[in-house]
Amino acid sequence: MKLYANEVSSATSRVRIALALKGLNVETQSVNIFGADAESRQPEYRKVNPQGLVPALLTDEGTLITQSLAIIEYLNDFHPEPPLLPAKLEARALSRSVALAIASEIHALLPPRVALRLSAIPGVEANGIADWNRHWIREGLTAVEATIAGRRTGPFVAGDQPSVADIFLFPQAINTERAGIDLSQWPNIAEIVSNLRAIPAFADNAPAVRK
Ligand SMILES: N[C@@H](CCC(=O)N[C@@H](CS)C(=O)NCC(=O)O)C(=O)O
């Protein structure tokens with residue numbers, strides 16, 4: 001298998017965490033995603049992934065899988081241990097809900113392509129983009145906190161084992177702190193993230209800081 005990846009990308013970090021939890025090694029091809037003429041925007045990479053995004057996973061059968069949740073569910077089906085979705089139906093749904101709340105309602109508003117487009121609008125400055133990012137992070141994580149408050153039964157979002165919800169939460173939480181936002185305002189998230197930091201598969205695969 002080959003993973004098209006970027007070390008700063010939080011969506012790639014999710015897949016790296018899942019691979020580490022499973023103990024799987026894959027070949028990695030780094031794709032630059034920053035700047036108007038980034039490699040990810042070039043026709044060559046669009047032939048690989050028409051969305052021009054990372055991560056993307058090329059399976060041993062030669063099939064390309066895009067979107068981190070689909071990639072992680074594929075890996076979970078391919079190599080079932082340890083399971084990355086809880087056994088109980090409601091907990092499985094909660095885990096996917098939280099993963100999607102982060103991927104679709106927070107992260108989707110923050111990546112390089114969004115910043116690039118915002119910066120092309122006359123009058124929008126770098127601090128305006130930083131403000132935009134903090135707004136969507138705060139609104140999104142406040143909703144995630146309310147979603148999981150009272151429903152947690154263990155040290156993680158949905159149960160006694162890390163699941164896809166934790167895999168999506170961790171990189172977002174790391175980037176939230178890097179944006180200067182204190183996690184302590186969301187007590188459940190702060191506690192879960194502190195538990196996840198103690199697990200090497202998470203700690204070793206956080207998104208890198210952009211140089
Ligand atoms: N929903 C996608 C998001 C993928 C995504 O936005 N990846 C970012 C890096 S974290 C990217 O490739 N960005 C390139 C760009 O924004 O131009 C997933 O979960 O895989």
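Order of listing sets the numbers, starting from 1, for every ligand and every atom in it. Just so we're clear, the structure is a prediction, and the values are computed from it rather than from any experiment.
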Test side chain to side chain contact (heavy atoms under 4.5 Å, CB included) applied to E7 and K211, step by step: CA-CA 11 Å; E7 61 170 9; K211 289 175 197 134; 3.9 Å; yes
Residue, atom name and distance, where the atom is the protein heavy atom closest to atom 17 (O) of ligand 1: R41 NH2, 3.1 Å
Shortest protein heavy-atom distance from atom 19 (O) of ligand 1, along with the residue and atom involved: S68 OG, 2.7 Å
For P55, atoms of ligand 1 separated by under 4.0 Å from a heavy atom: 20 (O)
Residue, atom name and distance, where the atom is the protein heavy atom closest to atom 16 (O) of ligand 1: R113 N, 2.8 Å
Minimum non-hydrogen distance to atom 7 (N) of ligand 1, winning option of V54, T66, I102: V54
W132 side-chain N/O to L109 backbone N/O, donor-acceptor pair under 3.5 Å: yes
F202 six-ring face occupied by R197 cation (under 6.0 Å, within 45°): no
For atom 9 (C) of ligand 1, the protein heavy atom that lies nearest, with its residue and separation: S9 OG, 3.4 Å
Test side chain to side chain contact (heavy atoms under 4.5 Å, CB included) applied to L64 and I71, N49, T59, the passing residue: N49
Taking atom 3 (C) of ligand 1 as the reference point, the nearest protein heavy atom with its distance: H107 CE1, 3.9 Å
Proximal atoms of ligand 1 relative to R14 (non-hydrogen, under 4.0 Å): 18 (C), 19 (O)
Test item: N6 side-chain N/O and V31 main-chain N/O as donor-acceptor pair under 3.5 Å: yes
Electrostatic pair R151-E145, nearest N-O below 4.0 angstrom: no
Nearest neighbour in protein (non-hydrogen) for atom 1 (N) of ligand 1: Q67 OE1, 2.7 Å
Sidechain-backbone polar pair: Q172 side chain, F168 backbone, donor-acceptor under 3.5 Å: no
Per-atom contacts, ligand 1 versus S10 - under 4.0 Å to a heavy atom: 10 (S)
Element-labelled atoms of ligand 1 that are located less than 4.0 Å from some non-hydrogen atom of L53: 4 (C), 11 (C), 12 (O), 13 (N), 14 (C)
A103, portion touching ligand 1 at heavy-atom distance under 4.0 Å: neither
Verdict with reasoning, I129 to S119, per side chain to side chain contact (heavy atoms under 4.5 Å, CB included): CA-CA 7 Å; I129 297 172; S119 67; 3.8 Å; yes
